[in-house]
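Written below as structure tokens is the structure these notes are about.
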Amino acid sequence: MTYQEIKQEESCYVMNTYGRYPVALEKGKGARLWDVEGKEYIDMASGIGVNCLGYGDWDLVKAVSEQASKLMHVSNLYTTIPMVKTAKTLVIFSGLENGKVFFANSGAEANEGAIKLARKYSFDRYGEGRSKIITLKNSFHGRTVTTLKATGQDKFHQYFFPFTEGFDYAEPGDLEDLKNKADGTACAVMMELVQGEGGVLPLNMEYVQAVERFCRERDLLLIVDEVQTGIGRTGSLFCFQQYKIRPDVVTLAKGLGGGLPIGAVLAAGSCSQVLGPGTHASTFGGSPTVCAAANAVLAKVNDPIFLEKVRSKGDYIRRNILDLHAPAVKAVRGMGLMIGIQVEEGKQGEYVNALMEKGVLALMAGKDTVRLLPPLTITIEEIDQALAAMSQVFGAE
């Protein structure tokens, strides 16, 4: 089928809830993709940070194929080896002593689980009236009715009234604002250490560490949303490890499944016993096939040499974009292979479309940011090809 034929059928049968780019993708290898008409792209988006091992990784394909042929799904009424192995790896290498994991299917579901956990933790200890969760302005935590309300951006608080109540929003970096919002009705603080959808904005380390201390003083759970920053994306298995903090709860998704849908709520010993039988559930969460994929991902990503390469490739990209001296580029920021290129406000869509025309897939974020989330396995050759296109699109001197 041609692109136009595919789009015609899509318009008949698929809800128009996405502003899709005019491309129908067919296959991939490494960090390269091909559309149905044979055009090649360097993928600097990786399915919005999901395809961390790129396309066609043999170990990942083999793990999924072998598990699917043996046992694809049985529900959480039974125990499976892949699920237990994934949980064990996450707990051990997070350093969260006596931690435990709940598995879901997406980042929004993981954040929903963390919200429920925090509110029950407070209810168990203090009773009713202490349920508010403080998030940060410019944050993004998901598309469900509850996680939309947890998101600290007014543009998401539309149409779907009434939203779940019990959230307030503090200014990033302003500790006093957060303290004022976290009054006697608060039970938790929830934050992304790098605000991805908000524009790839890393939080200040001293601020984050001060928030951790404040949470300990007030017995507020500290929830770190690592849906986008986790599983090697920023150059460490978990981004919080670079901030030298110990969260109570960490939420994960995206790269953990390497392309299959998974979410996870990782709770430290401080609250790992809060959710007991009947308090939370998921039919598909922790399925053996998806966890087999997660185990293949973790076997590769959770390696100091691999993570060092993520950091060095991220440095290489940021340095070379700055070296373009392109008038369109106002700033470059990020951590590891989570990179934001600041351009003129409102113009990021034009640059993303221009890059696509040149054979590079990128993303938008915030009001003024071109976002890059390439596969963690991207090669220098593939990076250089993408940089050559960026040189043309951003107008290098």
Side-chain angles (χ1 to χ4, degrees), residues 2-4 6-7 10 14 17-57 60 140 196-197 199-200 227-229 231-233 253-255 257-261 310 313-314 316-318 320-321 324 326 328-329 332-334 336-343 347-366 368-396:
T2 67
Y3 168 74
Q4 291 301 331
I6 295 168
K7 288 300 290 184
E10 180 188 32
V14 180
T17 61
Y18 295 96
R20 289 191 173 95
Y21 295 106
V23 174
L25 297 169
E26 183 177 29
K27 62 182 180 180
K29 185 64 179 175
R32 299 177 188 272
L33 288 166
W34 288 266
D35 66 23
V36 293
E37 294 173 347
K39 182 175 178 178
E40 179 183 313
Y41 303 86
I42 299 296
D43 183 18
M44 301 296 280
S46 66
I48 317 182
V50 168
N51 301 310
C52 61
L53 300 184
Y55 303 92
D57 180 89
L60 178 57
F140 182 83
E197 299 292 334
V200 192
V227 168
Q228 194 166 145
T229 59
I231 316 302
R233 174 58 55 185
K254 291 194 181 289
L260 294 186
V310 171
K313 285 185 282 192
Y316 182 83
I317 294 172
R318 287 189 292 273
N320 277 276
I321 293 172
L324 295 176
V329 176
V332 182
R333 53 184 176 253
L337 285 171
M338 185 174 182
I339 298 166
I341 305 167
Q342 184 181 349
V343 296
K347 297 287 187 179
Q348 67 270 44
E350 296 178 19
Y351 289 111
V352 168
N353 284 317
L355 285 168
M356 187 172 63
E357 287 294 319
K358 297 290 184 183
V360 174
L361 301 183
L363 300 160
M364 294 188 291
D368 59 4
T369 302
V370 175
R371 179 174 36 153
L372 306 180
L373 299 172
L376 305 183
T377 53
I378 192 169
T379 66
I380 294 298
E381 178 187 0
E382 290 164 336
I383 290 171
D384 285 342
Q385 189 173 333
L387 287 168
M390 291 181 206
S391 176
Q392 298 178 52
V393 168
F394 292 127

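Fair warning: this is a prediction, and the values are worked out from it, not measured in the lab.
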Determine whether Tyr351 and Val329 satisfy the following criterion, side-chain contact (heavy atoms from CB on, under 4.5 Å), listing intermediate values before the conclusion. CA-CA 11 Å; Tyr351 289 111; Val329 176; over 6 Å; no
Looking at every non-hydrogen atom in both residues, tell me the closest pair between [X] and [Y] and how far apart they are.
X      : Y      : answer
Leu372 : Ile321 : CD1-CD1, 4.1 Å
Lys29  : Gly56  : NZ-O, 3.1 Å
Ala326 : Phe394 : CB-O, 3.2 Å
Ser46  : Arg233 : OG-NH2, 3.5 Å
Asn51  : Gly258 : OD1-O, 3.7 Å

Only pairs at least two apart or in different chains count here, so list each side chain to side chain donor-acceptor pair (under 3.5 Å) that has a residue in residues 371-381.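 Checked against side chain to side chain donor-acceptor pair (under 3.5 Å) - neighbours excluded - the pairs reaching residues 371-381 are Glu197-Arg371, Gln228-Arg371, Thr379-Glu382.
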Just to verify, what does Glu26 make a salt bridge (Lys or Arg N to Asp or Glu O under 4.0 Å) with, not counting sequence neighbours?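 Expected list: none.
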Before giving the answer on side-chain contact (heavy atoms from CB on, under 4.5 Å), spell out for Tyr41 and Leu355 the whole-Å C-alpha distance, their side-chain angles and the decisive distance to 0.1 Å. CA-CA 10 Å; Tyr41 303 86; Leu355 285 168; over 6 Å; no
Given the rule in the side-chain contact (heavy atoms from CB on, under 4.5 Å) test, do Gln342 and Val332 qualify, once you have shown the distances and angles that lead to the verdict? CA-CA 6 Å; Gln342 184 181 349; Val332 182; over 6 Å; no
For the pair Lys313 and Ile380, evaluate side-chain contact (heavy atoms from CB on, under 4.5 Å) and give the outcome as yes or no after the intermediate values. CA-CA 8 Å; Lys313 285 185 282 192; Ile380 294 298; 4.2 Å; yes
Within-4.5 Å side-chain heavy-atom neighbours: Lys39 and Val23: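 No, side chains not in contact.
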